[in-house]
Protein chains: 2
Amino acid sequence: MSLPSTYADRNCSLARALEIVGERWTLLIVRDAFYGVRRFGDFATQLGIPRASLATRLKALVEEGVLARDESTAEYRLTDKGIALWPAIRALMAWGDEFYSAKGVKRALRHAEDGGLIDDRGRCAECGLLIPVTEIQIAPGPGFDATGPAKDPVSTAMNVPRRLLEPI
Amino acid sequence: MSLPSTYADRNCSLARALEIVGERWTLLIVRDAFYGVRRFGDFATQLGIPRASLATRLKALVEEGVLARDESTAEYRLTDKGIALWPAIRALMAWGDEFYSAKGVKRALRHAEDGGLIDDRGRCAECGLLIPVTEIQIAPGPGFDATGPAKDPVSTAMNVPRRLLEPI
DNA sequence: CCATTCCGGTTCAGTCATTGAACTGTCGAT
DNA sequence: ATCGACAGTTCAATGACTGAACCGGAATGG
């Protein structure tokens with residue numbers, strides 16, 4: 001994205017954040033990482049992203065400390081810095097649900113411990129607490145469209161209730 | 001950004017949201033709109049974006065109903081749909097502040113009515129309420145870097161405490 | 001053992017988007 | 001009429017993205 005570093009943007013943390021996660025595909029890669037995707041090939045087939053672009057993006061995310069690459073297994077995992085992106089992703093998902101999914105949310109977020117729905121500020125409707133990412137369960141919601149073929153094991157795993165960050 | 005519409009992304013509201021606001025410059029344009037920028041030339045000089053790109057982006061944002069263009073004054077303003085993007089922008093700003101601004105937030109958000117700081121979930125520390133965008137005051141924070149020339153009236157206006165959405 | 005498959009990642013040419021600078025056209029004020 | 005201010009366009013050059021083929025090492029299996 002090329003640091004703009006104009007005087008105007010030097011004082012904007014949004015511009016800084018978008019330097020890292022504002023390029024095409026990047027946030028979708030991070031989203032998949034939350035869903036438990038860890039392997040190069042799984043990112044590629046899941047997102048339909050060209051492998052060259054994926055390699056570039058993953059390298060950049062590792063360099064910035066959003067993902068960590070396990071040298072022995074070649075798996076990519078979110079770091080704490082990456083996990084800290086969750087509120088931003090949730091906010092964008094909520095906006096997309098609100099304005100582009102007439103039948104309701106496409107994915108529902110629940111507190112895995114008590115099943116309470118998580119609101120758009122990250123709070124559980126049951127216990128009222130702020131729910132950490134590892135305790136969030138994601139499941140198809142009313143706006144979910146189940147038609148069409150989805151044979152490969154990775155995408156079927158992603159369309160079934162599961163906890164965030166749990167490996168596919 | 002070109003609808004991917006793969007089976008994988010059809011059920012992801014994040015992908016849908018990024019179709020609209022995921023292209024380069026788009027979120028920065030929306031941010032400036034929150035800061036009160038309304039005119040073509042002000043967006044251009046403020047962001048340092050090529051005028052051709054700006055025209056394309058503004059057209060797209062108007063088409064999607066994020067901005068509305070006043071036919072008589074040629075001013076662009078956020079619609080309710082655009083204003084609904086605020087939580088996402090705030091979340092990304094907070095992430096940028098946390099990881100790229102060692103001295104603290106670059107811009108502090110306060111509840112204009114009682115001066116209470118607004119946390120990263122949109123709540124006022126004083127009254128505890130969820131603060132609507134029109135009651136948010138933005139002001140330089142401890143991480144703000146005031147050095148360097150910033151003579152033009154628009155950017156000086158943006159670097160002084162002011163309410164969101166108030167015209168420059 | 002050797003062959004095969006799987007998998008992470010690279011290479012490369014074609015295409016598409018972005019950029020910056022110059023330009024057009026419209027409006028209101030002088 | 002003329003000028004300046006402003007919204008938006010045009011266009012060549014550059015750079016990013018794409019898709020398909022390819023490379024090489026590590027597991028798999030006969």
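Residue numbers begin at 1 in each chain, while the letters A, B, ... track the order of the sequences. Worth knowing before you read on, the calculation uses all heavy atoms, side chains too, and leaves out hydrogens, waters and symmetry mates.
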- Item | Pair Y100(A)-E64(B), side-chain contact (heavy atoms from CB on, under 4.5 Å): steps then yes or no | CA-CA 11 Å; Y100(A) 294 99; E64(B) 285 297 333; 2.6 Å; yes

- Message: Before you tell me yes or no, could you show the steps for I49(A) and L28(A) under side-chain contact (heavy atoms from CB on, under 4.5 Å), namely the whole-Å CA-CA distance, both residues' side-chain angles and the distance that decides it to 0.1 Å?
- Response: CA-CA 10 Å; I49(A) 177 179; L28(A) 292 174; over 6 Å; no

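Between I29(A) atom CD1 and dC17(D) atom C1' the separation is 13 Å, expressed in whole Å. Between the CG atom of D152(B) and the C1' atom of dC6(D) there is a distance of 16 Å, given to the nearest Å. One interatomic measurement links the two molecules: CD of E71(B) to P of dT26(C), which rounds to 15 Å at whole-angstrom precision. Look at CZ on R38(B): it is 14 Å from P on dA7(D), rounded to the nearest Å. Summarising the geometry, the separation between CD1 on I168(B) and C1' on dC6(D) is reported as 17 Å, rounded to the nearest angstrom. One can place CD of E75(A) at 15 Å from C1' of dA26(D), the figure rounded to the nearest angstrom.
With sequence neighbours left out, the side chain to side chain contact (heavy atoms under 4.5 Å, CB included) criterion links R121(B) to P87(A), R90(A), R121(A), L130(A), D119(B). Judged as a ring pair (Phe, Tyr, Trp, His ring centres under 6.0 Å), and not counting sequence neighbours, F144(A) has no contacts. Considering only residues two or more places apart in sequence or on other chains, E126(A) meets the side-chain hydrogen bond (donor to acceptor under 3.5 Å, both in side chains) condition with none of them. Contacts of F34(B) classified as ring pair (Phe, Tyr, Trp, His ring centres under 6.0 Å), with partners at least two apart in sequence or in another chain: W86(B).
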Under 3.5 Å, which N/O atoms of the protein pair with N/O atoms of nucleotides 4-9 of chain C?
from: dG8(C); atom 1: OP1; to: R39(A); atom 2: NE; distance (Å): 3.4
from: dG8(C); atom 1: OP2; to: G41(A); atom 2: N; distance (Å): 2.9
from: dG8(C); atom 1: N7; to: R51(A); atom 2: NH2; distance (Å): 3.1
from: dG9(C); atom 1: OP1; to: R69(A); atom 2: NE; distance (Å): 2.7
from: dG9(C); atom 1: OP1; to: R69(A); atom 2: NH2; distance (Å): 2.2
from: dG9(C); atom 1: OP1; to: Y76(A); atom 2: OH; distance (Å): 3.4
from: dG9(C); atom 1: OP2; to: Y76(A); atom 2: OH; distance (Å): 2.9
from: dG9(C); atom 1: N7; to: R51(A); atom 2: NE; distance (Å): 3.3
from: dG9(C); atom 1: N7; to: R51(A); atom 2: NH2; distance (Å): 3.2
from: dG9(C); atom 1: O6; to: R51(A); atom 2: NE; distance (Å): 3.1

Identify each atom pair where a protein N or O and an N or O of nucleotides 14-18 of chain C are less than 3.5 Å apart, giving names and distance.
from: dT18(C); atom 1: OP1; to: R57(B); atom 2: NH2; distance (Å): 2.5

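When atom types are taken as modelled, the side chain of W95(B) and the backbone of S13(A) share no donor-acceptor pair closer than 3.5 angstrom.
Classification of E113(B) and R163(B) as a salt-bridged pair holds, one side-chain N sitting under 4.0 Å from a carboxylate O.
Across all strands shown, A52(A) has heavy atoms under 4.0 Å from base atoms, whether or not it also approaches the sugar-phosphate.
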